[in-house]
Amino acid sequence: MRILIIGNGAAGNQAAASIRKYSPECEILMFAREYYSEYSACALPDALAGWIPINKTYLKTLADYEQQKIKTCFGQEVENIDINNQCLEAGDKKYGYDCLIIATGSRPIIPPINGSLLKGNFVLKTPRDIELIMEHKPGRVVVVGAGNIGVETAGALRNRGCDVKIVEMQDWVMPLLYDLKSANRIRSLLEKENIGVFTGERVIEVQGEQRVERLRTDQQDLECDTVIWAAGVKPNVELARQAGLKIGSLGGIEVDKYMRCTHPGVFACGDCVQSLNVITGKPSLSLLWSSAKRQADLAAANCMGQSYEYEGNCSVVIEEIMGIPCIAIGLNLQGLNGYEVEVIEQESQDLYYRLLAVNDRIAGYQCIGSLDGASSIFTMIKKGTSLSEARRVLLNQGLISTMAWYIDSRRYF
Amino acid sequence: MDKLIFIDYHKCVGCATCEMVCSMVHEDICSPALSRIRVVRYPTEAFNVPITCAFCESPPCVSVCPSGAITKNADSGDVAINPALCIGCRQCVQACPFGHANFSLDRGTAFKCDLCGGSPQCVEFCWTEALQYVPLDRALGGKRDAAARNILKSG
Amino acid sequence: MKRIAVNIEICDGCGVCQLVCSAQKAGQWHPSFSRIIIKRDEEFGLNVPIFCMHCSNPPCETFCVMNLIYKDHDSDLTLRHEDRCIGCRACEIACPFSAAIMDPISEAVVNCDLCGGDPQCVKYCPAGALAFIDISEAADKKRRQTAGLQILEASRKL
């Protein structure tokens, strides 16, 4: 059996590793545009901050691929997939396959505005980006976008001693993860760290002669020498679209519960697909490390003849800002738009949490100040536990003694 | 659940036919260790207890499962394990009050009785009729009959 | 395959296992360095030791952004290359049992490794609530004691 994997990210490598679990023998060929081996995108802010060396962000060496018996075609752009004849074209050569796994990942969005190509505009997606940023010697930085990547990048550069400001288009920081009240706590943490936060401002253009000199928003001009774009990422679906696979309404490759594309023998996983949300059951983009690896696991199992269903994605994002742990699990009010949401919240000097429930079912959780009990809440959200069921377990001595890990979450119910 | 595997402990001779059949049907090998139904034997008391899933109305295994792999179907009453979701933590084995949920070391997933999709083979092959797959009221009716006869005899 | 089993009816929450574990693994006598944690429920007077269950498909492995958690092929334990840990704590959240612990000194997340086959917590448990036994043996014992004996008792009364 011959399996081709396009992409050398979390999903591609996890798929290869999972296939090896089922079959130590079958032929695996991995194509990637990049020349380097797998790296951890989530460790990049740590490397940018200088907490870990850049080479530590690489997770594999080329020898590891050899050991796993994965043939690599790195630096080889796949030009075309011929799904009807089950082959793909790369560098004037044709490769036939029995199974194809598309894990092309995503890329950061840089909006097409004036000056976004000037020297001093960066993204943070690969270890190479860190080298480029450090070579540029940033002094005054504006990070555009206050998502988790934006906030982490800002914190990392602040650690390097830069003067950092964050500009966010929406009304609060991390708008896809947190609600206004919890976001305000994070905002004050960021401001304590001397990071300027400007929300509700749209970036109009980047100005400068040879290199970036200032960033103009609809409300003010920010003097800076470096702009880091963290305004979100977008699935890489061009290859799949060209091959005739269906692209979903949110811009990701459409897959069914078994991670199969709209054509037999073709699977897709990772950042490039859109999958169903475990809470709402609606299609969503989950561009997270854990989702990518879980989907790759299932794609690999299913291409080896299993029929394992994907349970749906559920986002978990943990940040540490000024040493304070912040966590958001599941959906926030914006994500639960259209549902009647019950909010349980509590606020004290050093802790804030809110639990969101829809039709009695736990759907979201945000907490600033502590990670205690968060893993139980995550379990409950994934399982679709209702508030009443959680209370029943917590009040039943027999049950709670067999599942004592729920004890920490008692304060939330 | 309209029907259940009704066990008459006094009829069971502990022959392990049910265990052999069960493992043969599900695992293609005659191995009581891989059987869903297990017989606990008390040789000194001359008493044998076949243990299988009770399909509880509010199953502890469903509550305890951290990945949501075990679910109870509200319509059929069936309690099933989805191997794709099972993380192999063995908590269901610990939580089941009967010690029914079993664990496959090879596959690294838990497994349990699935009633063979509606015709339990352990019952089919039980030659002592210790196992019966019958509606609840019939099982209870038989039991009531036996108890009544006992009372009459002693009275 | 041997694993640690707890008899929660016996555990009185003395915390000796935590101290022994911290001394063995971190060279400190401090419960917060321990890989075994006692969850205490004051409402019901419960003390339940919790530790890594060594799942077959561990969720922590999926969540680890550094791919440093792996299943050891021979022992079937969930182990990690601690030196590569960046302390992002994703595995802490992914673990349904909260059995992944942040080591406050090395700032790496760690889990129980059964002390390489001779768990010290079991050895020093004064009450005998912890046992290191084969998992199929544990299931057999349970079947025999909880279910079988109850039915035996009930049938005797008839």
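Hydrogens, waters and symmetry mates are skipped; everything else that's a heavy atom, side chains included, is used. In the text below, chain A, chain B and the rest are named by the order of the sequence lines, each starting its count at 1. Here the structure is a predicted model, which is why all the values come from computation and not from measurement.
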A/Glu320, part contacting chain C, at a heavy-atom distance under 4.5 Å:
side chain
Indicate yes or no for a side-chain donor-acceptor contact from A/Arg410 to the backbone of A/Phe413 under 3.5 Å, with no hydrogens or angles considered.
no
Does the ring centre of C/Phe63 sit less than 6.0 Å away from the ring centre of A/Phe378?
yes
Under 4.5 Å heavy-atom distance to chain C, tell me which part of A/Ile318 shows up: side chain, backbone, both or neither.
side chain
A/Ile377 portion near chain C, given a 4.5 angstrom heavy-atom threshold
neither
Taking atom types as modelled, find out whether A/Tyr258 and A/Glu309 have a side-chain donor-acceptor pair closer than 3.5 angstrom.
yes
Between C/Glu61, C/Arg40, C/Arg89, which residue shows the highest count of heavy-atom pairs closer than 4.5 Å to chain A?
C/Arg89
Check the angle between the aromatic planes of A/Tyr39 and A/Tyr58 and answer parallel, tilted or perpendicular using the 30° and 60° thresholds.
perpendicular
Contact part of C/Leu46 toward chain A, heavy-atom cut-off under 4.5 Å: side chain, backbone, both or neither?
side chain
Test item: A/Ser40 and A/Lys56 side chains (from C-beta on) under 4.5 Å apart, heavy atoms
no
Just give me the residue among A/Ile407, A/Asp408, A/Val317, A/Ile329 that pairs up with chain C most often, heavy atom to heavy atom, under 4.5 Å.
A/Ile407
What part of A/Glu319 gets closer than 4.5 Å to chain C, counting heavy atoms only: side chain, backbone, both or neither?
neither
For chain C, the option from A/Ile52, A/Ile400, A/Asp297, A/Thr402 that forms the most heavy-atom pairs under 4.5 Å:
A/Ile400
Indicate whether the side chain of C/Asn67 and that of A/Lys293 have a donor and an acceptor atom separated by less than 3.5 Å.
yes
